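Take a look at the structure below.
Residue numbers start from 1 in every chain, and the chains themselves are labelled A, B, ... in the order their sequence lines are given, proteins ahead of strands. Predicted model only: the values in this text are computed from it and were never measured.
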Amino acid sequence: MSDNQPSAEKQSYDFAEIEARWLPYWEKAGTFVVDEDDPRPKKYVLDMFPYPSGDLHMGHAEAFAMGDVIARYERMRGNNVLHPIGWDSFGLPAENAAIKNNAHPAEWTYRNIETQAASFKRYGLSMDWTRRLHTSDPEYYRWTQWLFLQLHRRGLAYRKDAPVNWCPSCQTVLANEQVVDGGCDRCGTAVTKKSLNQWYFKITDYADRLLDDMDQLEGAWPERVLAMQRNWIGRSTGASVRFQVEDAEPIEVFTTRPDTLYGVTFMVVAADAPLAMELVTEAQREELEAYRERLKSVSEIERQSADREKTGVLLGRHAVHPLTGESIPIWASDYVLADYGTGAVMGVPAHDQRDLDFALTMGLPVNVVVDTGEEHPAVSGTATAGEGTAVNSPKWEGLPKQEAIARAVQVLEESGAGEATVNYRLRDWLVSRQRFWGAPIPIIHCPDCGEVPVPEDQLPVALPTEAKGEDLAPKGTSPLGGMSEWVTADCPACGGAATRDTDTMDTFVDSSWYYLRYLDPTSADQAFPTEAANRWMPVDQYVGGVEHAILHLLYSRFFTKVLYDIGLVNFTEPFKALLNQGQVLNGGKAMSKSLGNGVDLAEQLDAHGVDAVRVAMVFAGPPEDDIDWQDMSPAGSAKFLARAWRVAQDVTSSPGTDPASGAAGLRAAAHRTVADAEQLIADQKFNVVVARLMELVNAARKEIDSGAGPADPAVREAAEVTAQLLSLVAPYTAEDMWAMLGHEPSVANSTWPQVDESLLVQDTVTAVVQVKGKLRDKLEVAPDISEDELEAAALALPKIQRYIAEDGGVRKVIVRAPKLVNVVTG
RNA sequence: GCCCGAAUGGCGGAAUUGGUAGACGCGCUCGACUCAAAAUCGAGUACCUCACGGUGUGUGGGUUCGAGUCCCACUUCGGGCACCA
């Protein structure tokens with residue numbers, strides 16, 4: 001290793017030279033390649049894989065710096081660490097670039113991947129590059145298709161006609177989760193509704209498990225992510241109630257407030273649901289059709305606005321109240337959602353604000369059936385939805401809310417008019433897309449046999465490689481549909497002429513299982529090896545942005561549960577712990593081209609060095625907080641790194657020197673730093689780890705310059721500890737220090753320093769003396785001082801005696817030996 | 001509207017279980033070295049007060065010998081969901 005040792009004469013810290021020395025070394029030595037047969041405990045540390053949009057940016061730099069701290073720490077702690085990298089490489093931007101440049105999306109995609117890969121390597125991440133994967137490789141999406149077929153086989157992938165979210169700009173459908181504030185989450189265009197036949201995954205079958213299994217994640221996932229998922233799944237308990245209808249099928253509704261049943265004065269069905277057309281009388285048909293026509297021009301953003309004026313059409317038909325036999329008018333309105341519950345609701349205007357707004361607009365009666373002590377809703381305009389006592393409700397008169405609900409359910413069940421029900425906000429996952437650059441859905445449509453899965457041995461259904469430019473332009477139907485040679489296929493069942501399904505899968509399908517593919521990314525026999533999955537999974541630490549709090553994480557959790565049910569894995573949650581790193585802002589705002597406040601990562605790396613940028617990222621604040629580039633100082637970080645490096649350079653003792661005889665103060669500082677770092681890393685306070693390291697470097701500097709001198713064994717010990725701890729954040733500098741100190745590379749594979757507990761025991765501790773809770777004096781005492789001794793010493797202090805005399809004597813003394821005495825006077 | 005989270009010097013942020021508020025860094029001031037500069041090293045830096053001392057962790061209350069930390073009410077900011085019956 002003599003090649004790697006800097007020459008003996010003093011040089012100055014040169015990050016470029018240090019980077020040039022170690023980057024090729026790690027690659028050549030395979031420092032971070034995982035040994036599957038390593039018997040040590042496993043740790044799977046995973047960063048959310050990037051989308052290849054141009055080069056890496058500041059956000060990547062932060063997130064991957066955090067993940068690498070954890071991976072490197074776990075490695076030095078004696079674990080066999082799997083820390084892989086790959087690319088989420090299907091998706092729209094590649095397709096748009098291809099249309100613009102008259103090229104195939106693969107060109108843009110793989111060029112960007114190479115750029116990013118080179119940047120990731122330069123960034124010094126402790127990745128196992130041999131496991132690299134790309135979701136757009138046929139070798140990968142073959143298995144995405146295979147998984148689709150497994151879901152299909154179990155009835156979890158199905159097609160239905162339904163109103164779907166449609167982005168007029170991207171010319172494709174969107175999942176519910178991809179509609180943000182009524183707009184497309186990619187381009188922001190207002191989403192419209194369109195009735196289409198589309199593929200869905202039946203995630204709703206897993207709603208309960210997705211909720212209940214969150215118990216496993218409690219404490220290890222950010223609370224807000226768990227809250228968002230709970231909210232998204234939105235379980236509400238209540239009752240189904242059936243209302244008989246004159247000359248038609250009964251209408252079933254869902255309600256969370258069956259106790260308000262006596263307050264029903266009307267019913268409403270979703271105007272855009274087929275049910276409305278079924279119920280409408282001939283006399284009202286024309287009016288309903290006109291209303292439905294008007295609704296088509298209303299954007300989702302408008303429609304979702306809660307304070308919008310209520311509109312609706314009377315259907316001319318009446319339902320029968322199941323308890324009173326009263327006749328109830330049925331309306332159609334757009335304030336009722338077609339795809340939640342049954343698409344119909346019972347209107348209880350007194351106790352539901354939306355129903356009240358509707359009733360007041362249409363002049364419908366408002367009957368109070370829960371006495372909450374508030375003003376009559378018809379007068380106040382505010383529905384009373386809170387706690388209260390049932391009134392005008394013969395079968396549960398006088399009961400408080402919760403009891404009334406229970407009683408109402410019982411009454412409904414006895415009368416056969418309804419039963420207790422659970423409803424979810426979660427909808428099935430719409431997975432088909434009318435775009436080119438994704439995994440084709442492996443289904444063949446046969447005029448005789450219908451929907452036929454592509455046989456597994458014929459996977460992958462590969463994308464055409466010659467398509468380019470205008471071939472890929474969005475047309476409202478999949479571009480694949482225009483490639484007739486590709487579309488034509490023989491039916492696998494009957495051999496007759498048939499056509500391929502021309503839609504591709506949502507890219508979130510690709511990313512729902514990639515963490516399993518890393519376990520054997522090149523396998524041509526299986527999606528992933530079950531044995532290795534059960535050994536490596538679940539991921540011990542997942543790191544990524546909070547923007548995936550719902551979509552990707554929910555889908556991955558769903559996939560894992562499906563795989564568990566199929567018997568392919570023996571765990572039910574994919575990610576044991578989750579760290580959401582914050583964003584890198586500039587001037588309080590997210591960096592963006594339109595604001596012109598972007599900071600180029602490569603320029604910063606050139607100017608300050610990789611390590612300085614990484615230290616700046618980690619030191620700027622707690623990992624989960626947003627950090628602002630304006631508040632950061634990569635130059636300051638570089639200064640610290642140079643300081644640390646010089647400490648190692650100044651060490652004159654030989655490697656292997658016994659530290660026992662070294663300066664006691666510095667030894668204690670070094671061991672205290674290691675002990676603190678362990679706790680701080682467990683608490684994910686990486687910024688404080690850096691602060692502690694700065695203190696240690698300062699202490700070592702002082703010892704060298706004005707203490708025991710550079711030859712003191714404690715200086716070597718401190719330098720070694722610094723190199724090891726620093727390697728979590730600044731791998732290049734640390735590696736160079738480690739080599740200067742005469743050790744074999746790599747510091748990344750060195751053993752985490754052992755804390756000598758006896759060095760942490762201090763000779764004296766500072767006891768604070770308070771009078772009535774205010775700090776008045778301090779005492780240096782032995783750590784094992786008795787309470788009586790400490791009290792006596794404190795009371796004997798002249799300053800304290802003065803306060804006692806002034807304040808009228810001692811009333812009480814609280815002693816917490818050896819840290820504190822509080823004298824209560826008066 | 002509902003659900004989460006946050007608020008500490010000029011700035012980013014520290015502060016196991018309630019027990020020295022402001023670690024560490026940035027910035028700023030001064031000094032050493034230098035012909036000079038850079039780099040480096042050292043000292044100082046919450047606020048008020050000449051000082052003794054006093055005041056201080058978004059606001060107002062409370063619990064406690066003692067509160068940044070616990071409880072109640074509120075304010076502001078950030079995030080999520082939202083006509084989900």
Side-chain angles (χ1 to χ4, degrees), chain A residues 12-13 180-182 222-232 234-236 238 253-257 260 268 270 303-308 310 333-337 339-348 351-355 357-358 385 423-427 546-547 549-550 615-616 619-622 624-628 630-637 639-640 642-643 646 676 679-680 682-683 685 687-698 701-702 705-706 766-778 811-816 819-826:
Chain A
S12 58
Y13 176 76
V180 180
D181 294 331
E223 187 47 50
R224 68 172 162 161
V225 174
L226 294 176
M228 282 161 76
Q229 294 226 348
R230 266 188 213 103
N231 204 322
W232 191 263
R235 176 159 57 192
S236 38
V253 300
F254 173 72
T255 177
T256 56
R257 294 292 305 276
T260 64
V268 188
R303 207 193 61 75
Q304 286 178 8
S305 152
D307 34 86
R308 192 165 145 255
K310 293 278 183 291
S333 172
D334 68 342
Y335 87 89
V336 173
L337 304 175
D339 57 353
Y340 181 75
T342 59
V345 301
M346 60 185 212
V348 186
H351 308 297
D352 181 283
Q353 190 60 47
R354 297 152 303 183
D355 293 346
D357 293 343
F358 189 77
N423 238 301
Y424 301 90
R425 234 184 55 97
L426 184 71
R427 311 293 153 84
V546 73
E547 66 273 17
I550 297 173
V615 168
F619 185 55
E624 65 275 15
D625 286 11
D626 286 349
I627 56 179
D628 198 317
Q630 279 189 351
D631 302 326
M632 290 165 61
S633 173
S637 300
K639 208 165 101 182
F640 157 63
R643 231 168 119 77
R646 280 197 305 274
D676 284 355
Q679 185 59 49
L680 288 164
D683 296 341
K685 294 175 185 167
N687 54 325
V688 188
V689 174
V690 175
R692 289 281 176 277
L693 265 176
M694 288 170 168
E695 289 179 76
L696 180 59
V697 169
N698 290 344
R701 181 81 261 151
K702 208 165 191 170
D705 292 348
S706 53
T766 307
V768 299
V769 185
Q770 301 175 332
V771 177
K772 287 204 283 192
K774 288 204 159 91
L775 176 69
R776 296 303 183 189
D777 210 343
K778 292 177 187 180
R811 180 141 51 100
K812 192 174 171 186
V813 181
I814 285 109
V815 183
R816 294 284 178 272
K819 297 285 286 181
L820 174 133
V821 178
N822 187 12
V823 182
V824 188
T825 56

What nucleic acid atoms does A/P622 come within less than 4.0 Å of, heavy atoms only: base, sugar-phosphate, or nothing? sugar-phosphate
What is the base-pairing partner of B/rG5, counting Watson-Crick and G-U wobble geometry with both distances under 3.5 Å? B/rC77
Is there side-chain contact between A/V769 and A/R776, with at least one heavy-atom pair below 4.5 Å? no
Does B/rA85 have its OP1 or OP2 closer than 4.0 Å to a side-chain nitrogen or oxygen of A/N423? no
Taking side chain as C-beta onward, heavy atoms only, is A/F619 less than 4.5 Å from A/I627? no
Quick one: A/F619 CZ to B/rC26 C1', roughly how many Å, whole number? 9 Å
Look at the side-chain N and O atoms of A/K685 and state whether any lies under 4.0 Å from the OP1 or OP2 oxygen of B/rG13. no
With heavy atoms under 4.0 Å as the rule, sort A/S637 into base, sugar-phosphate or nothing. nothing
Given atom CZ of A/R811 and atom P of B/rG66, what is their separation to the nearest angstrom? 9 Å
Nucleotide opposite B/rG66 in a Watson-Crick or G-U pair, distances under 3.5 Å: none
Please work out if A/R235 contacts a base, only the sugar-phosphate, or nothing of the nucleic acid, heavy-atom cut-off 4.0 Å. nothing
With heavy atoms under 4.0 Å as the rule, sort A/D339 into base, sugar-phosphate or nothing. nothing
What is the base-pairing partner of B/rU57, counting Watson-Crick and G-U wobble geometry with both distances under 3.5 Å? none
Looking at B/rU20, I'd like to know if its phosphate oxygens (OP1 or OP2) sit under 4.0 Å from a side-chain N or O belonging to A/K778. no
Protein-nucleotide distance (A/D631, atom CG; B/rC11, atom C1'), rounded to Å: 6 Å
A/R776 vs B/rU20: side-chain N/O to OP1/OP2 distance below 4.0 Å: no
With both distances under 3.5 angstrom, what nucleotide forms a Watson-Crick or G-U wobble pair with B/rA21? none
Gap between atoms CG and P, on A/L693 and B/rA23 respectively (whole Å): 18 Å
Using both distances under 3.5 Å as the test, list the Watson-Crick or G-U wobble partner of B/rC41, or none. B/rG31
For A/R425, answer base if it contacts any base atom (sugar-phosphate contacts may also be present), sugar-phosphate if it contacts only those atoms, and nothing otherwise; contact means non-hydrogen atoms under 4.0 Å. base
Span that lies between the P atom of B/rC83 and that of B/rU57, in whole angstrom: 42 Å
Does a nitrogen or oxygen in the side chain of A/N698 sit under 4.0 Å from OP1 or OP2 of B/rG25? yes
Need one value for A/Q770: base, sugar-phosphate or nothing, where a base atom within 4.0 Å counts as base even if backbone is also close, heavy atoms only. base
Check whether A/F358 forms a cation-pi arrangement with A/K310 (NZ or CZ under 6.0 Å from the six-membered ring centre, at most 45° off the ring normal). no
note: A/R230, atom CZ; B/rC4, atom C1'; distance rounded to Å ~ 11 Å
Using whole Å, report how far CD of A/Q353 lies from C1' of B/rA85. 13 Å
Separation of B/rA21 P from A/L820 CG (nearest whole Å): 10 Å
For a quick test of reading the model: is some side-chain N or O of A/Y335 closer than 4.0 Å to OP1 or OP2 of B/rA85? no
Taken to the nearest whole Å, NZ/A/K774 to C1'/B/rG66 is 11 Å
Syn or anti for B/rG27, with syn set at within 90° of 0? anti
